[in-house]
Amino acid sequence: MKRQVILIAILVLGAAVSAYVWTRPGENEVDQNLAAQKQEFVCEKCGTRFELTVAESTAMYRSETGVTCPNCKAGGAEKTDVKVRVSGFASEEDKEAAAADESGESAKSFGSRSRAQ
């Protein structure tokens with residue numbers, strides 16, 4: 001009985017220490033190589049193309065206006081050439097379409113159909 005109480009106390013203490021370590025606020029680590037990389041943006045209002053570092057764009061995203069254009073000072077500029085890749089299970093057709101997209105070709109060619117009247 002005494003042995004079980006000691007074992008339970010050790011488990012509870014371990015859980016408390018683990019919860020404290022993982023939930024205490026700490027300093028966010030920033031990868032300096034990633035923060036220094038450049039991203040290209042285009043202004044939706046005036047069409048100006050400009051570059052910002054990841055650190056600069058992150059700071060702007062956190063502001064109320066978002067990424068602002070250096071030319072017209074409008075907010076809401078969008079990144080260019082954004083490619084989203086989701087890994088997982090893909091069919092052969094999806095793999096062919098992705099490969100064709102990367103090479104700049106269409107995976108399927110759609111011809112025009114004419115109706116017989």
Side-chain angles (χ1 to χ4, degrees):
M1 178 74 173
K2 187 176 181 182
R3 191 175 181 183
Q4 289 177 340
V5 171
I6 292 173
L7 182 61
I8 290 172
I10 290 172
L11 289 174
V12 168
L13 183 62
V17 168
S18 177
Y20 172 75
V21 168
W22 288 102
T23 59
R24 68 186 172 127
E27 203 174 299
N28 291 338
E29 295 181 19
V30 176
D31 182 357
Q32 296 303 320
N33 292 330
L34 176 65
Q37 290 180 0
K38 296 278 188 176
Q39 297 175 324
E40 186 176 354
F41 291 84
V42 63
C43 178
E44 292 181 350
K45 185 176 180 184
C46 68
T48 302
R49 296 175 96 68
F50 57 97
E51 286 187 348
L52 296 172
T53 64
V54 172
E56 292 169 333
S57 65
T58 300
M60 286 185 176
Y61 275 126
R62 292 179 179 163
S63 70
E64 290 181 20
T65 58
V67 176
T68 56
C69 174
N71 186 36
C72 68
K73 306 296 184 213
E78 295 290 326
K79 278 194 244 182
T80 59
D81 297 329
V82 176
K83 293 183 180 179
V84 178
R85 294 187 181 193
V86 179
S87 62
F89 299 105
S91 67
E92 288 299 319
E93 185 176 299
D94 292 338
K95 290 177 185 177
E96 290 173 6
D101 186 39
E102 287 178 1
S103 68
E105 300 173 1
S106 175
K108 296 180 181 178
S109 63
F110 295 97
S112 61
R113 295 184 182 179
S114 60
R115 291 172 138 179
Q117 292 183 3

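No experiment lies behind these values; they were computed from the predicted model shown.
Residues forming a side-chain hydrogen bond (donor to acceptor under 3.5 Å, both in side chains) with Q37 (at least two apart in sequence, or on another chain): none.
At least one donor-acceptor pair under 3.5 Å links the side chain of T58 to the backbone N or O of V54.
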I'd like a table of donor-acceptor pairs (distance under 3.5 Å, sequence neighbours excluded) in which one partner is a side-chain atom from residues 39-48, with atom names and distances.
{"unit_1": "Q39", "atom_1": "OE1", "unit_2": "S57", "atom_2": "OG", "d": "2.9"}
{"unit_1": "E40", "atom_1": "OE2", "unit_2": "R49", "atom_2": "NE", "d": "3.0"}
{"unit_1": "T48", "atom_1": "OG1", "unit_2": "N71", "atom_2": "ND2", "d": "3.2"}

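Counting non-hydrogen atoms of neighbouring residues, nucleotides and ligands closer than 6.0 angstrom, the OH atom of Y61 exceeds 12 such neighbours.
Scanning all heavy atoms of the two residues, the minimum distance from F50 to A77 falls at CZ-CB, 3.7 Å. The heavy-atom pair separating S63 from M60 by the smallest distance is OG-O, 2.5 Å.
V17 and Y20 end up in the same hydrophobic cluster when Ile, Leu, Val, Met, Phe, Trp and Tyr side chains are linked at under 4.5 Å.
The other members of the hydrophobic cluster of I6, by chain and number, are I10 (side-chain heavy atoms under 4.5 Å, ILVMFWY only).
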